Amino acid sequence: MPFERYVEPGRVALVADGPLKGKLVSVVDVIDQTRALVDGPGSGVPRQQIRLNQLHLTKFRLSYPFTAPTRVVRKAWTDAKLNEKWAESQWSKNLANKEKRAEMTDYDRFKLTSARVKRNRARTAVFKSLKVKAARGGKFGKKKVPKTPAKKQRTKKAPAAKPAKK
Amino acid sequence: MKAKGELKEFEVIGRKLPSENEPKPPLYKMRIFSPDTIVAKSRFWYFLRQLKKFKKATGEIVSIKEIPEKSPIKIKNFGIWLRYESRSGVHNMYREYRDLSVGGAVTQCYRDMGARHRARAHSIQIIKVEVIKAAACRRPQVKQFHNSTIKFPLPKRVHHYKRLNKFAYKRPSTYFL
């Protein structure tokens, strides 16, 4: 479990606290153990100091020398297409989903429940038919199923598609 | 003085009131760090009384200006010379801080002196504040940040530890990559 994300010039971080909450910034230099000088030309954040406690480090890292001026940071930001890469990442999608959930009306919640019920019923039906087939073939049960590495399927939740955004 | 909030730098100029034998008394300028102009004026008279033979009643403040930071987005190393009264004597000190502005560094100094030496703001006198070049810094806790390829992880992250609930049902995770 070594550390993979470091506070270093170029590291992109999400501000998780304070007036800049939700914005992407990149570390330009470190002031001291608790503060960093931070700049976000691609996300509308002027150069300023920020407490490291308020930052959540991302896996993205731009490359520019420490204390580079804002135009250099902006060029690195656009060259690396950071805004697009961030929007594609699972983290930003999770944040967007959270926002959507928080804005749901009662009607949206009803639509969500009925969509989930429909999906779960279809899923159970398929499972039952598969189970019956396997049981008849003698392959159902803890000791009878051959061990294969389980593949975790990530299911996209219905909220990404169903409730209409206001 | 109470070092409230973030201290600002003021340039205060004062002189003795003009009289018949001295129609043009010399002006004296001081660099005062205080939360506002009112305290700045007060501190100006406090220092001036100790240095020259006139006081608020026999003098006047000619100008008081707040000096904004010239380069508020450039990280600087500040050396602060100060004199403070402890419970058993008076001492001189030289301390170093890393900050973006002079006011910020002096505020850090007051907080630090309060924490480390229990010195209250009224017993601290800032003698001199200077921007120090990295090579001339003396304190290791400032010199450790003089590294162009500085890199460190954030090992034990306690998220919103001041906003956590009184009761918890499982241990929080403090490792975030």
Side-chain angles (χ1 to χ4, degrees), chain A residues 1-18 21 25-41 45-74 89-91 94, chain B residues 6 68-80 95-109 111-112 115-116 131-134 137 139-164 172-177:
Chain A
M1 263 198 339
F3 292 103
E4 288 162 37
R5 298 180 187 175
Y6 296 85
V7 175
E8 52 195 333
R11 173 65 54 184
V12 178
L14 181 74
V15 182
D17 217 358
K21 184 170 181 175
V25 292
S26 82
V27 174
V28 171
D29 200 359
V30 172
I31 302 174
D32 62 20
Q33 193 62 38
T34 46
R35 295 177 291 164
L37 186 64
V38 121
D39 203 353
V45 174
R47 185 171 276 216
Q48 59 196 267
Q49 75 172 2
I50 195 167
R51 299 205 80 85
L52 292 177
N53 270 346
Q54 297 171 330
L55 293 180
H56 287 186
L57 306 177
T58 66
K59 65 181 180 190
F60 301 115
R61 190 174 174 220
L62 303 174
S63 83
Y64 50 77
F66 81 129
T67 64
T70 306
R71 57 181 158 78
V72 172
V73 178
R74 181 176 297 126
S89 74
Q90 191 62 31
W91 186 347
N94 284 346
Chain B
E6 173 131 351
E69 176 59 41
K70 247 185 261 174
S71 49
I73 44 180
K74 180 164 170 257
I75 301 174
K76 300 174 273 283
N77 311 295
F78 290 98
I80 299 181
R95 305 182 76 82
E96 280 178 7
Y97 298 97
R98 246 170 99 77
D99 204 293
L100 296 173
S101 66
V102 198
V106 173
T107 311
Q108 245 185 298
C109 181
R111 305 280 185 259
D112 198 34
R116 295 209 143 90
V131 177
I132 310 268
K133 277 213 278 254
C137 282
R139 301 291 183 250
Q141 69 266 25
V142 167
K143 283 163 74 165
Q144 66 177 340
F145 291 103
H146 294 157
N147 178 3
S148 64
T149 51
I150 191 164
K151 173 172 153 170
F152 57 88
L154 297 168
K156 183 173 171 181
R157 303 223 73 183
V158 187
H159 282 163
H160 305 145
Y161 76 99
K162 292 203 166 120
R163 290 196 249 146
L164 290 178
S173 173
T174 62
Y175 169 69
F176 296 96
L177 274 182

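Just so you know, these numbers come straight off a predicted model, no measurement behind them.
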How many angstroms lie between [atom1] in [X] and [atom2] in [Y], if you round to the nearest 0.5 Å?
{"X": "B:Arg157", "Y": "A:Asn53", "atom1": "CZ", "atom2": "CG", "answer": "6.0 Å"}
{"X": "B:Ile75", "Y": "A:Asp32", "atom1": "CD1", "atom2": "CG", "answer": "9.0 Å"}
{"X": "A:Glu8", "Y": "B:Asn147", "atom1": "CD", "atom2": "CG", "answer": "11.5 Å"}

What are the two closest non-hydrogen atoms of [X] and [Y], and how far apart are they?
{"X": "A:Gln33", "Y": "B:Phe145", "result": "N-CZ, 3.3 Å"}
{"X": "B:Gln108", "Y": "A:Arg35", "result": "OE1-NH2, 3.3 Å"}
{"X": "B:Ser148", "Y": "A:Pro9", "result": "O-CG, 4.1 Å"}

Query raised in the report: How far apart are the C-alpha atoms of B:Phe152 and A:Phe3, what are their side-chain angles, what is the distance that settles it, and do they pass the ring-ring contact (aromatic ring centres under 6.0 Å, His included) test?
Result: CA-CA 9 Å; B:Phe152 57 88; A:Phe3 292 103; over 10 Å; no

Heavy-atom cut-off 4.5 Å, strictly under: side chain, backbone, both or neither for [X] against chain A?
{"X": "B:Pro155", "result": "both"}
{"X": "B:Asp99", "result": "both"}
{"X": "B:Ile73", "result": "both"}

**Report entry** Residues from residues 58-65 of chain A approaching chain B under 4.5 Å (heavy atoms)
**Finding:** none

**Report entry** Contact class of A:Asp39 relative to chain B, heavy atoms under 4.5 angstrom
**Finding:** neither

Requested in this report: Would you mind checking which part of A:Arg11 comes under 4.5 Å of any heavy atom in chain B, side chain (CB onward), backbone (N, CA, C, O), both or neither?
Outcome: neither

Report summary line: Applying salt bridge (charged side-chain N to carboxylate O under 4.0 Å, His left out) to B:Glu69 and not counting sequence neighbours gives B:Lys76

Query raised in the report: Would a distance-only check, ignoring hydrogens and angles, find a side-chain to backbone donor-acceptor pair under 3.5 Å from B:Arg98 to A:Val30?
Result: yes

